[in-house]
Novice: 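Structure below; questions to follow.
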Amino acid sequence: MVNTHTFLLIAVIAIVTYLLRSLPFLVFSGRKTPAFVTYLGKVLPYAIMGMLVVYCLKDTTVLSWPYGIPELLACIVVVLLHLWRKNTLLSIAVGTACYMVLIQVVFKTA
Amino acid sequence: MRREHKATIRRALVSTLPVFAGYIGLGFGFGVILRTRGYPIWLAPLMACTMYAGSMQYVAVDLLFGGVSLLTAAVTTLMVNARHLFYGISMIEKYKGAGWRKPYLMFALTDETYSLLCSDTTTDPSRYNYYFFVSLFDQCYWIMGCTLGAAVGGVLPFPTKGIDFVLTALFVTIVVDQWRANRDHLPVLIGAAAAALSLLLFGSDNMLIPAMLLIAVVLTLMRKREVPTDG
């Protein structure tokens, strides 16, 4: 099962991953970062967070039961609780607990 | 250990707690899959140490199992992890001056570490240690989760269905924080809209790359617009 090719594959995947993560730093090290890249670096965190929320919810069942209701409710809980208490851990813990109860008990699917 | 180090470590531990929950869950899932394909337990920590990539490690199990060519593995990795290019761009300024920590900070820049650090606004000199410990702790959680999953296999002590929502919740709280701290709401809305459009057009397995390209194009086109000042 585990042979030389397994280790070579792991090495290739690890190296390509590290190259991707370090490439922007290598390309723009030393010289001054171009204004355009600085601009992207400033706005991307916001855009990517918006994207990641959607990405996390990508497998939500919207068109049939339970119509994404558990996800929607749990997200609303997280947002409201976070606006109210401003406590990240609390918002995440309560939101996740709500979600687990919702899909395991309330909106049970086979 | 110096007192400020202790304070930094404590702060890093507290802020990475949500990632702890998420990585134990996600890593666990990876470990279980790896074991069910017949691989030995020690392969889980090995992959978690060297690759340290969430979705890519899941994909990697299939690649290993299929015994694909090295080129196929390289191209697949490029596709799945291309989003990390964008993370790096946001951290160029932030990681300047990180010194000996920088090679590791670059290596450990996962979605979750990025999300914690890109929203960090501290400016004191201890911040590089904070970045380092957040990155290190996150990877430790990941290694623990992967190894635990591989060791335990398919036997779960309680119904954990839905626990992966911690990561969704983490990202939602960050969006709320960003929304409150910054009056320019257009980038986050563009990100969400681009992701939604990409999801509709390309499906859940292929949405990330088109979404990122769309985000980059739209943000570039918008560069000259008037931006509301913070406050």
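Here is how names work: the chains are called A, B, and so on, in the same order as the sequence lines, proteins then strands, and each is numbered from 1.
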Novice: Indicate the atoms forming the closest heavy-atom contact of A/M51 with B/A195, along with that distance.
Specialist: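 For A/M51 and B/A195, the tightest heavy-atom pair comes out as CG-CB, 3.6 Å.
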Novice: At a 4.5 Å cut-off on heavy atoms, which part of A/V37 comes close to chain B: side chain, backbone, both, or neither?
Specialist: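 Interface part for A/V37: both.
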Novice: Determine which residues belonging to residues 61-70 of chain A lie within contact range of chain B, meaning some heavy atom pair is under 4.5 Å apart, and list them by number or answer 'none'.
Specialist: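 The stretch does not come within 4.5 Å of chain B.
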Novice: Can you say whether A/A74 sits under 4.5 Å from chain B via the side chain, the backbone, both, or neither, judging by heavy atoms?
Specialist: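 Both parts, backbone and side chain.
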Novice: For a quick test of your reading: what N or O donor-acceptor pairs under 3.5 Å do the side chains of residues 76-102 of chain A make, sequence neighbours left out?
Specialist:
unit_1, atom_1, unit_2, atom_2, d
A/H82, ND1, A/S91, OG, 2.9
A/H82, NE2, B/D177, OD1, 2.8
A/H82, NE2, B/D177, OD2, 3.3
A/N87, OD1, A/L89, N, 3.2
A/N87, OD1, A/L90, N, 3.2
A/S91, OG, A/N87, O, 2.8
A/T96, OG1, A/I92, O, 2.7
A/Y99, OH, A/E71, OE2, 2.8

Novice: Enumerate by number any residue of residues 13-20 of chain A whose heavy atoms lie under 4.5 Å from heavy atoms of chain B; in the absence of such residues, state 'none'.
Specialist: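 Contacts with chain B: A/I13, A/A14, A/V16, A/T17, A/Y18, A/L20.
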Novice: Please report the shortest heavy-atom distance between B/M222 and A/Y39, naming the atom on each side.
Specialist: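 The pair with the smallest heavy-atom distance is C-OH, 4.0 Å.
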Novice: Please state whether the side chain, the backbone, both or neither of B/L85 comes within less than 4.5 Å of a heavy atom of chain A.
Specialist: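 When you check distances to chain A, atoms from both the backbone and side chain of B/L85 fall under 4.5 Å.
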Novice: What part of B/L63 is in contact with chain A, defined as an atom under 4.5 angstrom from a non-hydrogen atom: side chain, backbone, both or neither?
Specialist: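 Interface part for B/L63: both.
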Novice: Could you state the interatomic distance from SG (A/C75) to CZ (B/F171), rounded to the nearest 0.5 Å?
Specialist: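 Going from SG on A/C75 over to CZ on B/F171, the span is 12.5 Å.
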Novice: Measuring from atom CD1 of A/I10 to atom CG of B/L46, what distance do you get when rounded to the nearest 0.5 angstrom?
Specialist: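 Between A/I10 CD1 and B/L46 CG, I get 5.0 Å after rounding to 0.5 Å.
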Novice: Considering only heavy atoms, which portion of B/K102 lies under 4.5 Å from any heavy atom of chain A: side chain, backbone, both, or neither?
Specialist: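 For B/K102, side-chain heavy atoms alone lie under 4.5 Å from chain A.
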Novice: How close do B/L219 and A/A47 get, counting heavy atoms only, and between which atoms?
Specialist: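 Result for this residue pair: CD1-CB, 4.0 Å.
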Novice: For B/C118 and A/M49, which heavy atoms make the closest approach, and how far apart are they?
Specialist: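 In this case the closest contact between B/C118 and A/M49 is SG-CE, 4.3 Å.
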Novice: Counting only non-hydrogen atoms closer than 4.5 Å, does B/L199 touch chain A with its backbone (N, CA, C, O), its side chain (CB onward), both, or neither?
Specialist: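 Just the side chain, heavy atoms under 4.5 Å.
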Novice: Relative to chain A, which of B/F86, B/F165, B/W179 shows the most heavy atom pairs under 4.5 Å?
Specialist: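 Most pairs with chain A among the choices: B/F165.
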Novice: Heavy-atom pairs under 4.5 Å with chain A - which of B/P40, B/A60, B/A21, B/P103 has more of them than the others?
Specialist: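 Ranked by heavy-atom pairs under 4.5 Å with chain A, first place is B/P103.
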Novice: If you take all heavy atoms of A/L9 and B/S69, which pair is closest and at what distance?
Specialist: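 The answer is CD2-O, 3.9 Å.
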Novice: Can you measure from OG1 (B/T168) to NZ (A/K58) and round to the nearest 0.5 angstrom?
Specialist: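 Result: 10.0 Å between the selected atoms.
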Novice: Of the listed residues (B/T76, B/L17, B/V218, B/L105), which shares the most heavy-atom pairs with chain A below a 4.5 Å separation?
Specialist: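 Sorted descending by pairs with chain A, the first entry is B/L17.
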Novice: Relative to chain B, which segment of A/L57 carries a heavy atom at a distance below 4.5 Å: side chain, backbone, both, or neither?
Specialist: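 Just its side chain gets close to chain B.
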Novice: Roughly how far apart are A/Y46 OH and B/L186 CG, rounded to 0.5 Å?
Specialist: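 Going from OH on A/Y46 over to CG on B/L186, the span is 13.0 Å.
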Novice: Do the side chains of A/L23 and B/H84 get nearer than 4.5 Å, heavy atoms only?
Specialist: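 No. Closest side-chain heavy atoms not under 4.5 Å.
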Novice: Tell me, for B/A53 versus chain A, whether the close heavy atoms (under 4.5 Å) come from the side chain, the backbone, both or neither.
Specialist: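 For B/A53, the contact with chain A is made by backbone and side chain together.
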Novice: Can you name the residues of residues 106-115 of chain B that have some heavy atom under 4.5 Å away from a heavy atom in chain A?
Specialist: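 Residues in range: B/M106, B/F107, B/L109, B/T110, B/D111, B/Y114, B/S115.
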Novice: To the nearest 0.5 angstrom, please state how far the CG atom of A/L40 sits from the OG1 atom of B/T220.
Specialist: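 That separation rounds to 5.0 Å.
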Novice: How long is the gap from CG on A/L44 to CE on B/M212, to the nearest 0.5 Å?
Specialist: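 Answer rounded to 0.5 Å: 7.0 Å.
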